[in-house]
S.K.: 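Here's a structure for you.
Note that the coordinates shown come from a computational prediction; the quantities given were computed from them, not determined experimentally. Note on naming: letters A, B, ... go to the chains in the order of the sequence lines (proteins, then strands), and numbering restarts at 1 for each one.
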Number of protein chains: 2
Amino acid sequence: MKYEAVTIKDIAKALGLSTSTVSRALRDSYEISPETKKIVIEYAQQINYRPNPIALSLKEKRSRSIGIIVCEIANSFFSQAINGIESIAYDKGYNVIIAQSHESYEREIINLQYLASRSIDGLLISVSSETENLDHLINLHKRGFPIVFFDRVVEDLATHKVGVDNYKGAYDATTELIKNGHQNIAMVAGSEFLSITKERVAGYHQALSDHDLPFDANQIEYCLHGGMLYEEVENALEKLLYHNNNKPTAVIASADKLTTNCLRYFKSKNLQVPSDIAMIGFSNLDLTDLLSPSLSVIRQPAFEIGQVAIELLIKQIENKRPTTEFEKIILQPQMIIRESSGAKKS
Amino acid sequence: MKYEAVTIKDIAKALGLSTSTVSRALRDSYEISPETKKIVIEYAQQINYRPNPIALSLKEKRSRSIGIIVCEIANSFFSQAINGIESIAYDKGYNVIIAQSHESYEREIINLQYLASRSIDGLLISVSSETENLDHLINLHKRGFPIVFFDRVVEDLATHKVGVDNYKGAYDATTELIKNGHQNIAMVAGSEFLSITKERVAGYHQALSDHDLPFDANQIEYCLHGGMLYEEVENALEKLLYHNNNKPTAVIASADKLTTNCLRYFKSKNLQVPSDIAMIGFSNLDLTDLLSPSLSVIRQPAFEIGQVAIELLIKQIENKRPTTEFEKIILQPQMIIRESSGAKKS
DNA sequence: CTAAAAACCGGGAACGATTGCATAAATAAA
DNA sequence: TTTATTTATGCAATCGTTCCCGGTTTTTAG
């Protein structure tokens with residue numbers, strides 16, 4: 001069943017005018033007499049005429065839609081970031097097409113091809129945790145396609161980038177645990193490919209060294225799928241807690257899904273938080289306050305990250321000349337101390 | 001900065017053929033010789049030719065994109081439903097444009113106009129909790145525009161509808177609480193405008209009456225914004241617990257956000273669940289098992305709802321003749337009993 | 001060897017809207 | 001009255017693709 005829309009031709013025919021006159025009248029051109037304008041505009045309103053955006057896109061060579069690729073929308077951080085993106089995009093007359101990589105490199109490529117073939121005007125992407133090879137992005141980028149990275153940025157490409165101060169977030173979290181008496185602090189980290197992981201590890205590392213605590217590489221476990229699979233978090237924690245000479249009394253989880261899956265593991269093992277094992281995690285969940293014990297978190301300004309990213313992207317899209325100067329914007333994370341990061345059993 | 005794509009004309013010029021020949025060669029028409037086809041296809045591949053979907057849309061009068069309107073994507077139920085929708089849509093070559101009403105009637109209308117003007121081929125909608133007047137939907141529907149309702153369906157329109165057995169979900173939840181010894185069970189319900197609210201109230205009502213318990217209208221509080229605002233849930237619970245001769249020992253929350261905000265309220269008032277007040281709620285959150293006490297929930301098959309809805313929509317879009325027979329599909333919710341619905345203090 | 005039938009390919013209209021250019025009529029200036 | 005100028009409108013190209021309608025060559029049949 002087709003849904004037939006009113007076109008400019010219908011108006012022209014009905015009013016005995018040419019399509020150009022109608023088009024100009026609707027755009028309020030100075031070349032059209034006030035009387036003709038009035039007739040056209042009133043008739044258009046009456047039959048509920050709407051310009052066909054597809055025809056416009058074809059002519060203008062732009063679709064006024066932008067693509068977003070994230071791992072999962074069912075992830076508080078990303079759904080909040082998307083809210084930020086949409087809040088600006090809709091105001092500026094762009095619509096967004098969201099695609100999910102589900103942390104798969106392969107699906108990221110498929111999504112990218114799909115979006116590119118839907119002729120989007122630009123791309124906002126937070127790469128999948130499997131993404132190491134960047135050819136798919138480099139290809140587009142070389143051809144002058146506007147790309148902005150957010151959260152999981154890729155350093156090797158000259159584009160706008162928006163993220164948080166991951167180093168500081170991890171540094172603060174580690175320091176908080178140290179202050180509460182923990183000397184053996186482990187880290188459950190995301191994919192090693194991601195720069196955010198490296199930065200968070202670096203922050204953790206530095207905090208230990210600033211407090212004269214030894215750094216032990218065995219205290220870090222990387223999860224390739226960023227905690228999306230419970231099993232990988234389970235394995236990581238098994239190793240850290242039971243196959244490690246140096247049993248930690250506290251854990252830092254470096255991503256949303258890692259944080260919740262760590263909790264799930266502790267619960268299944270009947271480990272009390274924070275007395276058996278303390279923890280603090282990166283998380284943007286809205287109900288970390290409702291958990292028992294309430295969860296200490298590093299929270300990222302997801303909404304703002306989305307807003308800044310889309311603004312940079314639209315600026316680049318609407319630029320007449322190719323962009324040569326790219327910005328890297330770093331927002332500050334927020335540490336919320338609650339119960340889970342407390343002192344160990346004495 | 002414009003991103004110039006390769007067109008069929010470029011191929012034609014480079015190969016000394018006409019655009020029609022190139023077009024046919026790429027579509028594997030029988031009218032083109034195998035040799036020509038080979039040359040064209042290889043060259044197209046080499047220069048990475050992609051057909052322009054906008055030009056196709058203009059010609060075919062369809063955009064192969066469908067609109068989704070939900071209240072919030074940062075809501076487990078809806079993000080899961082969207083995952084279900086996308087899983088099918090992408091396979092069938094459709095892309096989805098997501099818009100959020102944030103439970104506002106006004107924004108729902110704006111979104112609808114926006115989507116319609118973006119020439120989507122069909123619409124999947126779960127109406128906002130403020131939506132009482134349906135003119136905006138009726139208008140589109142009258143013109144033969146394909147619409148499928150999911151979750152929050154609207155009975156007055158002849159369209160496909162997909163939802164869960166809300167009556168049964170609430171009936172089971174109520175029965176479970178009764179079995180655990182609760183005689184005074186209150187309900188924190190969503191917007192009165194929504195049919196799902198009415199059905200859930202009816203299920204609750206029937207369960208009470210089947211167990212010879214009195215029904216007291218003062219034991220139900222409606223939240224117009226479906227729990228999106230903490231204050232409305234707070235007000236509702238204040239009334240139920242402290243301005244009510246009949247203080248409940250258990251509460252049923254009839255939506256995701258209501259459930260979490262009830263918990264937040266109990267926590268703020270230092271009420272122990274389930275000993276001070278038991279509860280069970282509709283929720284699709286993935287970490288209700290991690291709460292203390294773990295939360296008993298009615299879980300909806302969100303992913304499947306999304307899948308069924310998009311399948312019906314695509315079927316309708318691709319139908320040659322106008323659809324006259326509409327389906328209403330009801331899936332079964334799942335009750336997961338955990339700690340929060342336990343017995344009251346004895 | 002001729003006529004018919006394949007086989008293969010190009011021209012151009014169409015989709016809906018915009019826009020540079022041409023044109024006609026009306027008015028103003030000389 | 002003639003020319004110049006303004007005013008108001010139409011024609012046609014354009015964006016990228018498909019497809020109807022022809023047209024030419026080659027093959028096949030009689």
Side-chain angles (χ1 to χ4, degrees), chain A residues 2-41 43-45 47-65 93 116-121 143, chain B residues 2-41 43-45 47-65 93 116-121 143:
Chain A
K2 285 245 173 59
Y3 163 78
E4 299 290 345
V6 178
T7 77
I8 223 168
K9 269 188 201 165
D10 300 328
I11 302 179
K13 203 177 293 172
L15 264 41
L17 292 167
S18 75
T19 58
S20 27
T21 306
V22 174
S23 171
R24 272 186 274 251
L26 291 171
R27 320 204 109 239
D28 201 26
S29 161
Y30 67 97
E31 302 183 277
I32 305 295
S33 71
E35 303 87 58
T36 314
K37 271 185 196 168
K38 189 158 170 288
I39 297 172
V40 171
I41 290 170
Y43 184 73
Q45 209 149 35
I47 62 172
N48 197 31
Y49 166 79
R50 306 255 164 232
N52 182 330
I54 295 194
L56 282 173
S57 290
L58 184 59
K59 189 135 189 32
E60 312 250 322
K61 296 197 173 210
R62 55 190 306 222
S63 60
R64 293 197 79 86
S65 64
S117 85
R118 301 301 302 191
S119 54
I120 52 172
D121 293 342
R143 288 185 281 165
Chain B
K2 285 244 174 61
Y3 163 78
E4 299 289 349
V6 178
T7 78
I8 225 167
K9 269 189 201 164
D10 301 327
I11 301 180
K13 203 176 293 170
L15 263 40
L17 294 167
S18 75
T19 58
S20 20
T21 305
V22 174
S23 172
R24 271 186 277 251
L26 292 171
R27 323 203 108 239
D28 202 25
S29 160
Y30 67 97
E31 302 185 277
I32 306 296
S33 71
E35 302 87 58
T36 313
K37 272 183 195 170
K38 189 158 170 287
I39 296 172
V40 171
I41 291 171
Y43 184 73
Q45 208 148 37
I47 61 172
N48 197 32
Y49 165 78
R50 307 256 164 231
N52 183 330
I54 296 193
L56 282 173
S57 292
L58 183 59
K59 194 131 203 355
E60 314 241 320
K61 296 196 173 211
R62 58 191 303 223
S63 60
R64 295 197 79 87
S65 62
S117 86
R118 301 301 301 192
S119 55
I120 52 172
D121 294 342
R143 288 186 281 164

S.K.: Just the rounded figure in Å: distance from P of dA17(C) to CG of L17(A).
M.R.: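 L17(A) atom CG is separated from dA17(C) atom P by 15 Å.
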
S.K.: Rounding to a whole Å, what distance do you find between L15(A):CG and dG10(D):C1'?
M.R.: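 Value for this atom pair: 15 Å.
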
S.K.: Taking CD from E35(B) and C1' from dC9(C), how many angstroms apart are they, rounded to a whole number?
M.R.: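 E35(B) atom CD is separated from dC9(C) atom C1' by 13 Å.
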
S.K.: Please determine whether a side-chain nitrogen of the Lys or Arg among K37(A) and D28(A) lies less than 4.0 Å from a carboxylate oxygen of the Asp or Glu.
M.R.: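 Between D28(A) and K37(A) there is a salt bridge, with a charged N closer than 4.0 Å to a carboxylate O.
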
S.K.: Could you state the CD-P distance from E31(A) to dA24(C), rounded to the nearest angstrom?
M.R.: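 These atoms are roughly 17 Å apart.
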
S.K.: Does some side-chain heavy atom of D121(B) sit less than 4.5 Å from a side-chain heavy atom of S65(B)?
M.R.: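 When only atoms from C-beta onward are counted, D121(B) and S65(B) do not touch, as no gap falls below 4.5 Å.
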
S.K.: Between P34(B) and L26(A), who's closer to the 5' end of DNA chain C by nearest nucleotide?
M.R.: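 Between the two, 5'-proximity favours P34(B).
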
S.K.: From NZ of K37(B) over to P of dA7(C), roughly how many Å is that when rounded to an integer?
M.R.: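 Interatomic distance, NZ of K37(B) to P of dA7(C): 12 Å.
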
S.K.: Among residues two or more places apart or on two chains, list those pairs meeting side-chain hydrogen bond (donor to acceptor under 3.5 Å, both in side chains) that have a residue in residues 49-59 of chain A.
M.R.: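 Matches after skipping sequence neighbours: N48(A)-R50(A).
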
S.K.: Side chain to side chain donor-acceptor pair (under 3.5 Å) with T19(B): which residues, sequence neighbours excluded?
M.R.: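 In terms of side chain to side chain donor-acceptor pair (under 3.5 Å), with neighbours along the sequence ignored, T19(B) is linked to no residue.
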
S.K.: Mind checking if T36(A) touches a base, just sugar-phosphate, or nothing, with heavy atoms under 4.0 Å?
M.R.: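 The answer is sugar-phosphate, as T36(A) gets under 4.0 Å only of primed atoms, P, OP1 or OP2.
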
S.K.: List the residues meeting side chain to side chain contact (heavy atoms under 4.5 Å, CB included) with S23(A), not counting sequence neighbours, and say none if there are none.
M.R.: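 For S23(A), the residues satisfying side chain to side chain contact (heavy atoms under 4.5 Å, CB included) (neighbours in sequence not counted) are I8(A), R27(A).
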
S.K.: Between protein and nucleic acid, restricted to nucleotides 17-20 of chain D and to nitrogen or oxygen atoms under 3.5 Å apart, what atom pairs and distances do you find?
M.R.:
residue : atom : partner : partner atom : Å
dT17(D) : OP1  : Y49(B)  : OH           : 2.7
dT17(D) : OP1  : N52(B)  : N            : 2.9
dT17(D) : OP2  : I8(B)   : N            : 2.6
dT18(D) : OP1  : R27(B)  : NE           : 2.6
dT18(D) : OP1  : R27(B)  : NH2          : 3.0
dT18(D) : OP2  : S23(B)  : OG           : 2.7
dT18(D) : O2   : K59(B)  : NZ           : 3.4
dC20(D) : N4   : R24(B)  : NH1          : 3.1
dC20(D) : N4   : R24(B)  : NH2          : 3.4

S.K.: S33(B): what forms a side chain to side chain donor-acceptor pair (under 3.5 Å) with it, not counting sequence neighbours?
M.R.: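 In terms of side chain to side chain donor-acceptor pair (under 3.5 Å), with neighbours along the sequence ignored, S33(B) is linked to T36(B).
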
S.K.: Roughly how many Å is it from CD1 in I32(B) to P in dT24(D), rounded to a whole number?
M.R.: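 Those two atoms, CD1 and P, are 18 Å apart.
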
S.K.: Tell me the salt bridge (charged side-chain N to carboxylate O under 4.0 Å, His left out) pairs involving residues 9-21 of chain B, sequence neighbours left out?
M.R.: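 Every pair satisfying salt bridge (charged side-chain N to carboxylate O under 4.0 Å, His left out) with a residue in residues 9-21 of chain B: there are none.
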
S.K.: What is the separation between atom CG on D28(A) and atom P on dT18(C), rounded to the nearest whole Å?
M.R.: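 Going from CG in D28(A) over to P in dT18(C) covers 13 Å.
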
S.K.: Round to a whole Å and report the spacing from CD1 of I54(A) to C1' of dC15(D).
M.R.: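 Rounded to whole Å, this separation is 13 Å.
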
S.K.: Does dT14(D) have OP1 or OP2 sitting under 4.0 Å from an N or O in the side chain of K61(A)?
M.R.: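 K61(A) to dT14(D) OP1/OP2: no side-chain N or O under 4.0 Å.
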
